Amino acid sequence: MSVRLGPRALSLARAYAELTGPGLGGIVLFAGRVRPDRVAGARVRALDYEVDRTVALERLRAIETTARRRFGAERTVLWHRSGSVAAGEVAVIVGAACAHRDPAFRAARYLIEELKRSVPIWKEVLAPPARRRRRRPARPAAR
Amino acid sequence: MSVRLGPRALSLARAYAELTGPGLGGIVLFAGRVRPDRVAGARVRALDYEVDRTVALERLRAIETTARRRFGAERTVLWHRSGSVAAGEVAVIVGAACAHRDPAFRAARYLIEELKRSVPIWKEVLAPPARRRRRRPARPAAR
Amino acid sequence: MAASVRVRFYATARLATGTAQVELPVPGQGISARDLLSELAREYPKLRRVLGASRFLRNDRYLTDLAERLAPGDQFAVHPPYGGG
Amino acid sequence: MAASVRVRFYATARLATGTAQVELPVPGQGISARDLLSELAREYPKLRRVLGASRFLRNDRYLTDLAERLAPGDQFAVHPPYGGG
């Protein structure tokens, strides 16, 4: 069980290391990267992630507990960055390790869907300063 | 598009590197590791993967092409080891990168299911020499 | 220090009010969440639309009933729809 | 060199025959896949059960019709159910 919520860069290799263990034959990882989309005519330079840290950490832990119980995920990773994340960087990594692949896929999917639905994290698009009018709340941006 | 079929160890970090590209916001990776299960009373020490190389490579490429067309997976990884793979090592890595997470999850799942269903790769359990009676075709072993 | 509830605004609620938090004076016997929301809507007209789509927390617990009362010293948070990932 | 078809056995087919490949002599005008399979079943009785669950290839192409003919010099492969991953 590994939960992280902070400004530091996320490493997929480290996430994978958290998920290896004897008997865990199926490991699924999802990485969500900030896409350099056009929003209101300007290329997204970064996303700024705002969090309600206390509540978010509690929710993340609850989601991991459910994934463990529901899918038999023996190890999980649920990492999200806070603050500014540049286009091309990884904003979120979730992962699940199970004995078999089917529950691992389903657990990983559950982790990311629940994270998006129920964890107090918000993103705001940071457009290039040149064409920037004002900061605006993000709608489509990262996946 | 990256297909591999050979005896060399598979690196998840390298697979991930193959999957990063501008605009690819959702990346899903699956790693399948050999589990040290008990088979016929003996702990699995390794699996031996036999392949029909010519046909397998052609099938792997066809699967990638379909994943690209069906899910819009702009980058994919479809790597499988041949020969002996020790318990705890990675026997297979599949991955898909798409603009968004839903097709990335579906593409990765498609890749592994199709690989198992339609690519001429077979596994045989290698049990510890001490308790080994004869090599036997694998049924349950790796996920 | 006057009896008050600390209200935290996140994301679009913060943009609508122009502030991340305020101290809202409340009577000594407290105030219902519903009345507190009415006060916020009066104070920040742009916040009204946001409130309609938001979830609320009292001391880091989600409110399920707007009749729930907040006491002086409590925290109240306005959570617009989440958008992580 | 006599006219023959090279037959490759994989996995349980290899275990049943005890060999990874054989050269099977065939008439100059070739042989149907069905007749070739009958010969194999006669030659290797343990192979019969495996054949029932296998797919077959002629020169690396899956056969869809056992009436298809193999010519001398062709390759024929016996693929038991796959088990990668």
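Reckoned from all heavy atoms, side chains included, excluding hydrogens, waters and symmetry mates. Labels below follow one simple rule: chain letters A, B, ... track the order of the sequence lines, proteins then strands, and each chain is numbered from 1. What you see is a predicted model; the values in this text were computed from it and never measured.
With respect to the salt-bridge test (charged N to carboxylate O, under 4.0 angstrom), the residues D:Arg14 and B:Glu124 qualify. Between B:Glu113 and B:Arg117 there is no salt bridge, since no side-chain nitrogen of the basic residue lies less than 4.0 Å from a carboxylate oxygen of the acidic one.
Contact of D:Pro81 with chain B is made through the backbone alone, with heavy-atom distances under 4.5 Å. In this structure, chain B has no heavy atom under 4.5 Å from any part of D:Arg8. Heavy atoms closer than 4.5 Å to chain D are found in the backbone of B:Val51, but not in its side chain.
The side chain to side chain donor-acceptor pair (under 3.5 Å) pairs that include a residue from residues 81-91 of chain B are B:Arg81-B:Glu89, where partners are two or more places apart or lie in different chains.
Atom CD in B:Glu50 sits 9.0 Å away from atom OG1 in D:Thr12 (nearest 0.5 Å). Residue D:Leu51 holds its CG atom at 5.0 Å from CZ of D:Phe56, rounded to the nearest 0.5 Å.
Contacts between residues 5-19 of chain B and chain D, counted as heavy-atom pairs separated by less than 4.5 Å, involve no residue at all.
Centroid-to-centroid, the aromatic rings of B:Trp122 and B:Tyr49 stay 6.0 Å apart or farther.
Applying side chain to side chain contact (heavy atoms under 4.5 Å, CB included) to B:Phe30 and the options B:Ile93, B:Leu111, B:Val92 leaves one that passes, B:Val92.
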